[in-house]
Amino acid sequence: FRDQSVRAMTGLWFASKTMTNELCVSVCGSLGFLYAATQYSSHCFCGQCGDKYDRYGEYNKCNMPCSGNAEDTCGGPWANSVFATSEKDRAPSTTTATKLGCFKDAAARAMPQLWTHSAAMTNELCQTICAVKGTRYAATQYSKHCFCADEYDRYGPVTNCNMKCGGDWTDKCGGAW
């Protein structure tokens with residue numbers, strides 16, 4: 001389906017260098033959304049029935065390989081590959097997390113397995129994404145970034161985790177580096 005700058009699906013957006021249709025559907029479903037759509041190889045949009053995923057009509061430009069699985073197609077330029085999530089996908093998340101502290105990052109990432117970002121980032125969203133990806137640790141940084149990995153303490157502790165979460169200004173989502 002065609003998309004435009006005023007998005008067809010407005011519930012949540014995130015991008016990942018390891019995007020697959022399964023990751024998008026799992027994250028959107030676990031957060032209670034009815035629809036999931038991949039676009040431009042690495043983007044995921046989540047929406048409810050009030051979002052008209054087909055508001056701009058059908059489009060035959062879903063031709064880009066997924067950034068996380070080149071054998072599959074994840075939309076295209078302004079083109080959404082749309083999926084309905086299932087009741088199984090929408091099962092309540094059982095993810096529980098223990099805050100371990102604030103840790104330094106650098107250009108050679110401390111947590112390189114998965115990086116994603118969303119203007120609606122929260123610690124809970126990051127934990128959900130990392131749980132779906134099957135990694136042991138989740139970390140937020142710079143208000144809207146999420147990192148997932150099986151190790152986290154490459155550079156040691158710091159004290160600058162003071163930036164408000166993009167999706168919940170009452171909580172902190174890391175800081176700069």
Full working for disulfide bond (SG atoms under 2.5 Å apart) between Cys44 and Cys24: CA-CA 6 Å; Cys44 176; Cys24 182; 2.1 Å; yes
What one should report as the nearest heavy-atom pair of Trp78 and Ser5 is CZ3-N, 3.4 Å
Answer whether the closest heavy-atom distance between the side chains of Leu12 and Leu125 falls below 4.5 Å. yes
Would you say CZ of Phe83 has more than 12 non-hydrogen atoms from neighbouring residues, nucleotides or ligands within 6.0 angstrom? yes
Cys173 and Cys126: sulfurs closer than 2.5 Å? no
For Cys49 and Tyr35, which heavy atoms make the closest approach, and how far apart are they? CA-CE1, 3.9 Å
Measure the spacing between CG of Asp168 and OG1 of Thr140 and express it to the nearest 0.5 Å. 11.0 Å
When you take the SG atom of each Cys, Cys66 and Cys74, is the space between them under 2.5 Å? yes
How long is the straight-line distance from CG of Leu23 back to CG of Leu114, given to the nearest 0.5 Å? 7.0 Å
Joint cluster assignment, Val25 & Val82, ILVMFWY side-chain distance < 4.5 Å: no
What is the ring orientation for His145 with Tyr142, classed by angle as parallel under 30°, tilted 30 to 60°, or perpendicular over 60°? tilted
For Gln141 and Arg109, which I'm curious about, is there any donor-acceptor pair between the side chains at under 3.5 Å? yes
Given side chains that start at C-beta, do those of Phe33 and Thr85 come closer than 4.5 Å, heavy atoms only? no
Between the side chain of Ser143 and the main-chain N/O of Lys164, is any donor-acceptor distance below 3.5 Å? yes
Gap separating the CZ atom of Phe1 from the CD atom of Gln39, nearest 0.5 angstrom: 13.5 Å
Closest non-hydrogen atom pair between Ser81 and Cys62, with its separation: OG-SG, 3.6 Å
Surrounding CD of Gln48 (heavy atoms of other residues, nucleotides or ligands, distance under 6.0 Å), is the total greater than 12? yes
Quick one: does Glu22's side chain get under 4.5 Å of Asp72's, heavy atoms only? yes
So do Lys52 and Asp54 actually touch side chain to side chain, heavy atoms under 4.5 Å? yes
Any chance CD of Glu71 has more than 12 other-residue heavy atoms, nucleotides or ligands included, within less than 6.0 Å? no
Using every non-hydrogen atom in the two residues, find where Ala8 and Asp3 come nearest and quote the distance to one decimal. N-OD1, 2.9 Å
Evaluate the pair Cys148, Cys130 and indicate whether the two SG atoms are within a distance below 2.5 Å. yes
Hydrophobic clustering (ILVMFWY, side-chain heavy atoms < 4.5 Å, transitive) - are Met19 and Met121 grouped together? yes
Could you tell me whether the side chain of Met64 reaches within less than 4.5 Å of the side chain of Tyr40, counting heavy atoms only? yes
Measuring from Tyr56:OH to Arg7:CZ, what's the distance to the nearest 0.5 Å? 9.5 Å
Would you find a donor on one side and an acceptor on the other, under 3.5 Å apart, between the side chain of Ser118 and the backbone of Phe14? no
Thr18 and Ser67 have their tightest heavy-atom pair at N-OG, 3.7 Å
Within-4.5 Å side-chain heavy-atom neighbours: Asn123 and Cys165: yes
Between Phe103 and the options Tyr155, Tyr152, Tyr137, the ring pair (Phe, Tyr, Trp, His ring centres under 6.0 Å) test singles out Tyr152
So if you build clusters from Ile, Leu, Val, Met, Phe, Trp, Tyr with side-chain heavy-atom gaps below 4.5 Å, do Trp13 and Val132 land together? no
Test log, rule side-chain contact (heavy atoms from CB on, under 4.5 Å), inputs Thr128 and Leu31: CA-CA 8 Å; Thr128 298; Leu31 294 171; 4.2 Å; yes
Does either side chain, that of Thr20 or that of Asn69, offer a donor lying less than 3.5 Å from an acceptor on the other one? no
Between Pro77 and Lys61 the two heavy atoms that sit nearest each other are CD-O, 4.1 Å
Could you check whether any side-chain N or O of Asp105 sits under 3.5 Å from a backbone N or O of Ala110, counting only pairs where one atom can act as donor and the other as acceptor? yes
Taking C-beta and beyond as the side chain, do Ser16 and Ser42 meet within less than 4.5 Å on heavy atoms? no
Quick one: does Lys104's side chain get under 4.5 Å of Pro157's, heavy atoms only? no
In Å, rounded to the nearest 0.5 Å, how long is the span from CD of Gln113 to NZ of Lys17? 14.0 Å
Pairwise distance CD(Glu124) to CD1(Ile129) - rounded to 0.5 angstrom: 11.5 Å
